[in-house]
Amino acid sequence: MQFIRTRQVLEMIGVSRTTLWRMVQEGAFPPPVQVTGRNAHYVLQAVEAWMQTRAYGTPSDAKGLPARPGIVPRQGGPSRLGLAR
């Protein structure tokens, strides 16, 4: 088992610290492990497993959570960004 720092997780998955914190709070990302009284690190294997789920599945596959509305354009209409399909 290998622990990695939050900074490394952020570089691996490409989100902000706030987004990572929100995903952990929602149960959509593996929580950190308290290594010492002040240091919480992530388990590398859990982060990699989450990344594989995202790469080969859909966002709704991660922990059974529904996909956030507005991320994927609706069928039969332009996206929420106002771009024509």
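Keep in mind that what you see is a predicted model, and the values were worked out from it rather than measured.
Nearest approach of Arg5 to His41, heavy atoms of both residues: CG-NE2, 4.0 Å. Nearest heavy-atom pair across Pro32 and Ala40 is CB-CB, 3.9 Å.
Between atom OH of residue Tyr42 and atom CD1 of residue Ile13 there is a gap of 8.0 Å, rounded to the nearest 0.5 Å. Distance check: Gln8 CD to Glu11 CD gives 7.0 Å after rounding to the nearest 0.5 Å. Atoms CG and CE, from Leu20 and Met12 in turn, are 11.5 Å apart once rounded to the nearest 0.5 Å.
Hydrophobic clustering, with ILVMFWY side chains joined whenever heavy atoms are under 4.5 angstrom apart, groups Leu44 together with Leu10. Hydrophobic cluster membership is shared by Met51 and Val24, with clusters built from Ile, Leu, Val, Met, Phe, Trp and Tyr side chains linked at under 4.5 angstrom. Both Val35 and Met1 are assigned to one and the same hydrophobic cluster, defined by single-linkage of ILVMFWY side chains at heavy-atom distances under 4.5 Å.
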Stepwise, does the side-chain contact (heavy atoms from CB on, under 4.5 Å) test hold for Phe3 with Val43? CA-CA 5 Å; Phe3 295 115; Val43 177; 3.9 Å; yes
